[in-house]
Amino acid sequence: QVQLVESGGGSVQAGGSLRLSCAASGRSMSIMAWFRQAPGKEREFVAAIRWSGSGVGPVYAGFAEGRFTISGDSAKNSMYLQMNNLEPEDTAVYLCTADSTVGFINVFSSRAYDYWGRGTQVTVSS
């Protein structure tokens with residue numbers, strides 16, 4: 001049984017930092033990613049990292065470039081998201097997702113991933 005477990009969410013003031021973690025078990029993943037969903041909004045891509053198969057290095061959404069850093073440990077089937085200079089607009093549930101596909105997938109699409117965690121809340125106050 002595949003499980004993805006997130007941790008590290010919380011409440012911070014604008015300009016603060018948080019580090020999210022996600023650990024996968026039950027299957028070796030080739031790509032892991034973060035999405036987020038704010039109340040009343042669609043789920044949106046944050047960042048992805050791939051360590052096997054086709055593709056390139058870390059990929060970020062525009063709003064994450066320069067503020068967020070994704071990293072991973074393929075041996076531990078885990079990934080992390082360091083978020084700096086957080087803004088109130090970053091408030092959302094952050095979801096870990098992963099896939100074991102070695103071939104090409106559209107990393108920006110939530111439909112490309114087979115496995116999802118339950119999410120961790122990030123709240124940024126002004």
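The first residue in the sequence is number 1, and the count goes up from there.
Closest of all the heavy-atom pairs between Ala33 and Tyr113 is CB-OH, 3.5 Å. Between Tyr80 and Ser78 the shortest heavy-atom distance is OH-CB, 3.7 Å. Smallest separation of non-hydrogen atoms from Met32 and Leu4: CE-CD2, 4.5 Å. Counting all heavy atoms, side chain and backbone alike, Met29 lies closest to Ala24 at CG-CB, 4.2 Å. Across all their heavy atoms, Ile70 and Tyr60 have their closest contact at N-OH, 2.9 Å. Between Leu81 and Ala47, the shortest heavy-atom distance links the atoms CD1-CB, 4.4 Å.
For Tyr94 and Phe35, the ring centers sit 6.0 Å or farther from each other.
To the nearest 0.5 Å, atom CE of residue Met79 and atom CD1 of residue Ile49 are 9.0 Å apart. Atom CG in Asn85 sits 9.0 Å away from atom CZ in Phe68 (nearest 0.5 Å). Arg50 contributes atom CZ, which lies 4.5 Å from atom CD1 of Ile31 (distance to the nearest 0.5 angstrom). With rounding to the nearest 0.5 Å, the separation of CD in Gln37 from CD in Glu42 is 8.5 Å. Separating the CG atom in Asp90 from the CZ atom in Phe63 is a distance of 7.0 Å, to the nearest 0.5 Å. Between Trp34 atom CH2 and Thr120 atom OG1 the span is 7.5 Å, to the nearest 0.5 Å.
More than 12 heavy atoms of other shown residues, nucleotides or ligands fall within 6.0 angstrom of atom CD in Glu65.
Side-chain N or O atoms of Glu6 include one that pairs as donor or acceptor with a backbone N or O of Gly119 at under 3.5 Å. Not a single donor-acceptor pair under 3.5 Å links the side chain of Thr91 to the backbone N or O of Glu89. A distance-only check finds no donor-acceptor pair linking the side chain of Arg36 to the backbone of Glu44 [under 3.5 Å].
For the pair Cys96/Tyr115, no side-chain contact is recorded, criterion being any heavy-atom separation below 4.5 Å from C-beta on. Side-chain contact between Val122 and Val12 is absent, with no heavy atoms from C-beta onward closer than 4.5 Å.
The side-chain hydrogen bond (donor to acceptor under 3.5 Å, both in side chains) analysis of residues 12-28, with sequence neighbours excluded, yields the pairs Ser17-Asn84, Arg27-Ser100.
In this structure Glu87 satisfies the salt bridge (Lys or Arg N to Asp or Glu O under 4.0 Å) test with no other residue, sequence neighbours excluded. Every residue was checked against the side-chain hydrogen bond (donor to acceptor under 3.5 Å, both in side chains) condition with Asn77, not counting sequence neighbours, and none meets it.
Cluster annotation: Leu95 and Phe108 are assigned to the same hydrophobic cluster (Ile/Leu/Val/Met/Phe/Trp/Tyr, side-chain heavy-atom contacts under 4.5 Å, transitive).
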